Amino acid sequence: MANPAGDAPGQLGLDGVGDPGCTRSPENQENRRGVGAPAAVDSSARDSRGGVTSAERRARAALTRLGEPGDLTLARFVAEHGAEAAYDAIRTSRFPGRRLGDYQSRLAAFDPDRDLETAATVGGRLVCPGDAEWPPSLDVLDVAGTIDGRGGPPLALWVRGRTDLRAVSARSCAFVGARAATEYGLYVAAELASGAADHDVTIVSGGAFGIDAAAHRGALAAGGCTVAVLASGVDVPYPRAHEQLLSWIADAGLVISEVPPGSTPRRPRFLIRNRLIAALTLGTVVVEAALRSGALNTASWADRCHREVMGVPGPVTSVASAGVHRLVRDGGAVLVTDAEEVVEQIGRLGMDLAPPKTGVSRSRDGLDPRARQVLEAVPVLRASGVASIARSAGVAADEVLAALGELFLLGFVERQGTGWRLSARERDTRRHQSSGP
């Protein structure tokens with residue numbers, strides 16, 4: 001079938017045909033009926049991507065324009081009566097409650113078909129509940145509560161890119177943090193995201209300045225998959241300086257949004273967008289966040305969604321890390337310092353374990369305590385006799401003599417005349433090691 005969206009070959013347009021990109025869709029997925037879908041639907045009216053009719057997709061496209069993200073009034077009506085019924089109730093002034101006027105204020109200035117066509121021109125599509133591509137991880141938002149009266153699952157998601165949203169979000173991790181990040185924060189975010197991408201983890205963030213951009217770039221540098229969740233339309237790069245970055249992200253992964261094409265970002269949309277970042281992923285890593293930071297809002301949503309919350313420590317004097325330190329201190333986040341620890345937190349039980357961290361091993365670590373006690377009493381340069389070493393070590397002379405023989409064979413000590421001192425190897429080792437235990 002020809003692609004009605006006019007996409008280039010290989011792209012995933014509105015008909016859902018094409019190569020999903022860096023992660024392929026699971027085969028033979030069951031189609032699921034959309035939330036609130038009519039009990040009886042003519043199967044011939046379904047489009048090619050799952051159990052969602054063209055009419056329902058058009059209605060959901062309209063509702064993303066008429067309502068604001070996280071609108072519980074609209075979401076509850078859709079869950080009970082269906083998207084088509086909700087759209088029809090708004091158009092015919094039968095929608096109950098005081099919100100009708102809010103929704104109708106936008107009726108005259110939009111066309112859902114035009115929004116769908118606009119999305120297609122940038123390689124986008126509308127993914128709805130009931131599509132095979134819809135991520136089941138978003139269902140947790142049904143029970144995640146609200147913040148400032150907003151929450152719940154999205155009515156649909158506008159998606160730009162060729163990859164499959166459900167597939168890439170199945171093993172994903174969010175990286176969030178300060179926009180005004182320090183050089184330390186930018187470096188750490190890029191390193192951790194790059195390392196996680198090397199472990200086939202999709203990196204999800206918000207496309208903003210600072211930590212978000214560093215995480216996206218780290219994933220791209222590793223040849224990994226990354227997803228940007230925007231508070232604007234998928235065709236509206238924000239910030240404008242990230243137009244090229246978002247284009248790269250769409251090529252390597254996905255750019256997604258809850259608001260339709262052409263929508264501009266607004267302050268409330270940033271905060272409610274954070275619930276999608278949290279719910280889509282297995283965990284959220286906070287890299288640099290002040291005490292009042294939007295990144296902590298994402299961490300709060302992650303906790304509400306029963307996802308892993310991780311924090312990267314910074315200098316204790318850094319204001320930029322004060323929010324992270326409080327989060328860890330209060331038990332709201334697990335401290336992580338490298339990509340392996342991140343992967344362990346979100347990974348498969350018993351399979352994605354981070355290697356244990358140990359200090360630098362020393363050759364004397366294998367000695368028994370008595371031999372180490374004697375070794376500590378052996379002079380570095382000027383040789384001493386057995387009696388002198390015994391007094392210094394507090395060990396009987398015959399035991400000192402036996403220990404010195406063992407230490408000599410192992411290369412720790414050497415004879416000088418009638419006395420003993422450290423070997424040249426041990427003297428050189430001690431010059432290059434700190435005087436630790």
Side-chain angles (χ1 to χ4, degrees), residues 5 7-13 18-25 118-125 127 133 135 157-179 181 185-259 261-265 270 273 276-277 280-281 285 287 339:
D7 294 320
Q11 285 187 323
L12 188 62
D19 183 356
C22 66
T23 304
R24 292 191 175 274
S25 309
T118 300
T121 61
V122 294
R125 60 197 179 277
V127 178
E133 190 181 356
L157 288 174
W158 297 90
V159 178
R160 173 187 171 196
R162 293 172 293 180
T163 65
D164 183 282
L165 177 58
R166 179 172 181 158
V168 299
S169 62
R171 182 175 166 87
S172 61
C173 186
F175 283 78
V176 298
R179 286 177 171 80
L186 296 174
Y187 172 79
V188 171
E191 283 293 301
L192 265 60
S194 177
D198 281 336
H199 286 81
D200 297 323
V201 173
T202 299
I203 306 305
V204 179
S205 198
F209 287 123
I211 298 302
D212 287 17
H216 288 307
R217 289 191 173 103
L220 292 171
C225 196
T226 184
V227 175
V229 185
L230 303 186
S232 60
V234 295
D235 62 333
V236 179
Y238 186 87
R240 177 63 65 179
H242 284 174
E243 182 173 5
Q244 183 62 68
L245 174 62
L246 291 171
S247 177
W248 290 333
I249 292 171
D251 288 340
L254 294 173
V255 174
I256 69 176
S257 178
E258 202 171 353
V259 295
S263 299
T264 56
F270 285 104
R273 173 273 312 265
L276 302 182
I277 296 176
L280 275 172
T281 55
V285 180
V287 185

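Source: prediction; values computed, not measured. For the numbers below, each heavy atom of this structure counts, side chains included, while hydrogens, waters and symmetry mates do not.
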Using the test side-chain hydrogen bond (donor to acceptor under 3.5 Å, both in side chains), find all partners of Ser257 that sit at least two apart in sequence or belong to another chain. none

Could you go through the side chain to side chain contact (heavy atoms under 4.5 Å, CB included) check for Val176 and Ile211 one step at a time? CA-CA 6 Å; Val176 298; Ile211 298 302; 5.9 Å; no

In chain order, what residues pass the side chain to side chain contact (heavy atoms under 4.5 Å, CB included) check against Thr264, with sequence neighbours excluded? Arg266

Quick one: does Val204's side chain get under 4.5 Å of Cys173's, heavy atoms only? no

Residues which pass side chain to side chain contact (heavy atoms under 4.5 Å, CB included) with Tyr238, listed by chain and number, not counting sequence neighbours: Ser232, Pro265, Phe270

Residues pairing under ring-ring contact (aromatic ring centres under 6.0 Å, His included) where one sits in residues 215-237, two or more places apart or in two chains, turn out to be none

Could you walk me through whether Glu258 and Leu276 satisfy the side chain to side chain contact (heavy atoms under 4.5 Å, CB included) test, starting with their C-alpha distance in whole Å, then the side-chain angles of each, then the deciding distance to 0.1 Å, before giving a yes or no? CA-CA 9 Å; Glu258 202 171 353; Leu276 302 182; 3.5 Å; yes

Could you list the residues that satisfy side chain to side chain contact (heavy atoms under 4.5 Å, CB included) with Pro237, not counting sequence neighbours? Arg240, Glu243, Leu246

CA sep, side-chain torsions, deciding dist, call: Arg217, Leu245, side chain to side chain contact (heavy atoms under 4.5 Å, CB included): CA-CA 8 Å; Arg217 289 191 173 103; Leu245 174 62; 3.9 Å; yes

Heavy-atom side-chain proximity of Val259 to Trp158 below 4.5 angstrom: no

Report the C-alpha distance between Val168 and Val227 in whole Å, list the side-chain angles of each, state the deciding distance to 0.1 Å, and finish with yes or no for side chain to side chain contact (heavy atoms under 4.5 Å, CB included). CA-CA 9 Å; Val168 299; Val227 175; 4.2 Å; yes

Residues in ring pair (Phe, Tyr, Trp, His ring centres under 6.0 Å) contact with Phe209, at least two apart in sequence or another chain: His242

Can you tell me if Arg273 uses its side chain to pair, donor with acceptor, with the backbone of Val229 under 3.5 Å? yes

